[in-house]
Amino acid sequence: MTTENVAAPINPWAVAQQQFDLAAEKLHLDEGMRRVLREPRRELTVHFPVKMDDGSVKVFTGYRVQHNLGRGPAKGGIRYHQDVSLDEVKALAMWMTWKCAVVGIPYGGGKGGVIVDPKKLSMKELEALTRRFFTEIEVLVGPEKDIPAPDVNTNGQIMAWMMDTYSMHMGYTVPGVVTGKPISLGGSEGRNEATARGTVYCIVEAARHLGIELDKAKVAIQGFGNAGSIAATLITAEKATVVAVSDSTGGIHNPNGLDVARVIQWKQEHGTVQGFPGSKDITNAQVLEVECDILIPAALENQITEKNAGKVKAKLIAEAANGPTTPEADEIFWKAGKFMIPDILCNAGGVTVSYFEWVQDLNRDHWSEQVVNEKLKGIMVKAFQETLAISRREKIYMRTAAYLLAVQRVAEATQLRGLYP
Ligand code: GLU
């Protein structure tokens, strides 16, 4: 995923805890259970050396956090970004716990990150950083314990190096230790597109519910990495018109529609979407505010706050990113009658196909893309409809409904397992 380099003054961990508290309150969750679920189970900070191409040695800082292991091994990506912090990784780990519970896959939540701008590293440096970081977090990871995956600025090649590093240490090949691998190394068909595909399945359901005709709908997308660019392609296949997109360098707008395939090619050639012929350059923030029916935030946290939520024109917001909307902005959307597909539901397609990949790896199996997409659709549509039913029954915002569903499932598992010792 391409990201936006803006200093985020809002602490994502405070946001994550605030969202949890709201759900715990509505569920009348027992005080002790609240204390347990409110904190991460494990937080590992590592500082590790990497030999740079010029012969110098640099020390990088990285994290792996396991928020909850109640329903299964920890699951969640590893991001490489200059703004990574422990609090960000904690928030992302907690969101993974709820995400896996919303779609009902047998995982807890984890996340990792390294403070680095990978665009400034050579391939050799990137590989060395990846192998050493993975070695440092090996005390936590393993196919039965904690299974990383791609996230912001990480990809199949990086997963391949991680899998190889772990396998070298074990003395045999362990494909199930990470997901999002290339197909030739035990990756799953459809994993690369899965986050965006899950988002689009949710949008199709939401549009039907709201009476939005997709062939007449205009879409704006913030972020043009794995989630954003593939969502642009898939929503175009649903006959919607993409009118604005952005990446970390800025955005472009054409009210009559952008040719998505050509924008993707343009970005490959120029390293930015800006300057695309026939479109007007706009800022990354302006993409959120253009005239459109559907807004897909697909970049980083805290992009929609109390400052700009009132300027969002879209009536449907589909969070392909993790944590793009603050609780204050949620309040504004709810009062304005906007329909939210929250991150823990909307972008759960990625981890769902990661789960399929892990199952295939453990069984030495390989499923067709058709099988993967059908299973993914079944899970996403079910989770969407379950969340919508709670939201309608309780007359609550979709994010709160998704949290009720998720927290209830995790709390039940925790309750049944009981307290050790
Ligand atoms: N990084 C993705 C997410 O935030 C995928 C995680 C996974 O596949 O484990 O959901």
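These numbers come from the heavy atoms of this one structure, side chains and all, not from hydrogens, waters or symmetry mates. Each ligand, and each atom within it, is numbered from 1 in the order the structure gives.
- Between D343 and R399, at least one side-chain N (NZ, or NE/NH1/NH2) sits under 4.0 Å from a carboxylate O, which counts as a salt bridge.
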Between ligand 1 and the protein, give all atom pairs where both partners are nitrogen or oxygen and the distance is under 3.5 Å, as lines of names plus distance to 0.1 Å.
unit_1, atom_1, unit_2, atom_2, d
ligand 1, 1 (N), P150, O, 2.9
ligand 1, 1 (N), D151, OD1, 2.7
ligand 1, 4 (O), K99, NZ, 3.1
ligand 1, 4 (O), K111, NZ, 2.9
ligand 1, 4 (O), D151, OD1, 3.4
ligand 1, 4 (O), N322, ND2, 3.0
ligand 1, 8 (O), R191, NH2, 3.1
ligand 1, 8 (O), S354, OG, 2.5
ligand 1, 9 (O), K75, NZ, 2.8
ligand 1, 10 (O), K99, NZ, 2.6

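- A salt bridge links E301 to R79: at least one charged side-chain nitrogen sits closer than 4.0 Å to a carboxylate oxygen.
- Taking 4.0 Å as the cut-off between side-chain N and carboxylate O, E357 and K181 count as a salt-bridged pair.
- Comment: E205 engages R208 in a salt bridge, judged by a side-chain N to carboxylate O separation of less than 4.0 angstrom.
- For D21, the side chain to side chain donor-acceptor pair (under 3.5 Å) test picks out R38, with sequence neighbours left out.
- Remark: E328 does not engage K307 in a salt bridge, criterion side-chain N to carboxylate O under 4.0 Å.
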